[in-house]
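In this text, all values refer to a predicted model and were calculated from it rather than measured experimentally. Values below: all heavy atoms of this structure, side chains included; hydrogens, waters and symmetry mates excluded.
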Amino acid sequence: VQPAGASSLADAPIARFRNLREFPPETVQAVFSTRAGADWLHRTHQPSGRFFPGVNPAQNLTVADDPNLRQAHAALALARSARFTGDPGFAVRATQAVLALRTLTTPDAGVRVPTTPSAKCNRVGFAALLALAIYALPDADEPLLADAEQLCGFLKRQLRPDGSVQYTDDPARPAAADDPDGLNLY
């Protein structure tokens, strides 16, 4: 799996930074940080298609909460890293993550709807991130791209006439008291 239009790893966008001595220290640090972050995501990817949720260093315990929205963020980051670095391993794992997250959606009247209730996950945010992750994959196939379009259809359906976005399942229900601005991202 290679980035769209790339014939080899040498054609990946990161290849222009081959000779890092030609760049300022900030650029060198950004390139190393990008690669290190992508390597970390690659290592935390599990056979289930999800990313390891993490560890609370204060208690040295595995984080029990594993929000789908954070998983979608990680899938998007790894898909973008795959495109930037041309690393086929990143592309494979990003695709696996996207496919695992896709199982949390279902077709409904021509759109693809997240199945997790809005009380547990910001469905609009999840749909947007999953669509972005699909579009960021280096070699997404046509059925997967069609799913991304259907996720965008769900996003369009959530728009209100006044331009705001309905992010809860119940259109009559206002934002939660602990989230008056409707920014319940996690």
Using a cut-off of 6.0 Å, state whether more than 12 heavy atoms not belonging to Gln46 lie near its atom CD.
yes
Tyr135 and Cys152: CA distance, side-chain angles, deciding distance, side-chain contact (heavy atoms from CB on, under 4.5 Å) verdict
CA-CA 11 Å; Tyr135 291 130; Cys152 291; 4.0 Å; yes
Close side-chain approach of Arg157 to Phe154, heavy-atom, < 4.5 Å:
yes
If you apply the rule side-chain contact (heavy atoms from CB on, under 4.5 Å), what do you find for Thr27 with Phe17, and how did you get there?
CA-CA 9 Å; Thr27 302; Phe17 300 105; 3.7 Å; yes
Are side-chain heavy atoms of Thr115 and Thr105 found at a separation under 4.5 Å?
no
Using a 3.5 Å distance criterion without hydrogens, assess whether the side chain of Arg112 forms a donor-acceptor pair with backbone atoms of Gln150.
no
Exactly one of His42, His73, His45 should register a ring pair (Phe, Tyr, Trp, His ring centres under 6.0 Å) with Phe51. Which one does?
His45
Indicate if Leu137 and Leu104 have the same hydrophobic cluster label, given that clusters are the connected sets of ILVMFWY residues with side-chain heavy-atom separations under 4.5 angstrom.
yes
Candidate pair Arg123 and Val113, rule side-chain contact (heavy atoms from CB on, under 4.5 Å), full reasoning:
CA-CA 8 Å; Arg123 293 163 29 116; Val113 178; 3.4 Å; yes
First locate atom CD1 of Ile14, then atom CZ of Arg83, and finally report the distance between them rounded to the nearest 0.5 Å.
14.5 Å
So, are Arg93 and Asp87 salt-bridged, with charged N and O less than 4.0 Å apart?
no
How long is the gap from CG on Leu41 to CZ on Arg80, to the nearest 0.5 Å?
12.5 Å
On a heavy-atom basis, which atom in Gly153 and which in Val111 lie closest, and how many Å separate them?
C-CG1, 3.5 Å
Short N-O contact, Arg35 and Asp39, less than 4.0 angstrom:
yes
Which atoms form the tightest heavy-atom contact between Ala82 and Ala91, and what is the distance?
CB-N, 3.4 Å
Tell me, yes or no, whether the heavy-atom count around Phe23 atom CZ, taken from other residues, nucleotides or ligands under 6.0 Å, exceeds 12.
yes
Please determine whether residues Ile134 and Leu69 belong to a single hydrophobic cluster, defined as Ile, Leu, Val, Met, Phe, Trp and Tyr linked transitively by side-chain heavy-atom distances below 4.5 Å.
yes
Are Phe90 and Leu99 grouped together when hydrophobic residues (ILVMFWY) are joined by side-chain heavy atoms under 4.5 angstrom apart?
no
Check whether any side-chain heavy atom of Leu144 lies under 4.5 Å from a side-chain heavy atom of Arg102, and answer yes or no.
yes
Stepwise side-chain contact (heavy atoms from CB on, under 4.5 Å) check, Asn68 with Arg50
CA-CA 9 Å; Asn68 295 331; Arg50 295 179 70 87; 3.0 Å; yes
Flag yes if Leu151 and Leu132 sit in one hydrophobic cluster, no otherwise; membership is Ile, Leu, Val, Met, Phe, Trp, Tyr, and two members link when side-chain heavy atoms are under 4.5 Å apart.
yes
Look up atom CD in Gln71 and atom SG in Cys121, then write down how far apart they are to the nearest 0.5 Å.
10.5 Å
Are any of the side-chain heavy atoms of Thr116 and Phe126 separated by less than 4.5 Å?
no
To the nearest 0.5 angstrom, please state how far the CD atom of Glu142 sits from the CG atom of Leu145.
5.5 Å
What are the two closest heavy atoms between Leu129 and Ala72, and how far apart are they?
CB-CB, 3.7 Å
For Ala79 and Pro138, work out which heavy atoms get closest and say how close.
O-CD, 4.3 Å
What about Trp40 and Val31, same hydrophobic cluster or not, with Ile/Leu/Val/Met/Phe/Trp/Tyr joined at side-chain heavy-atom distances under 4.5 Å?
no
List the atom of Val98, the atom of Ala75, and the distance in Å for their closest heavy-atom pair.
CG2-CB, 4.4 Å
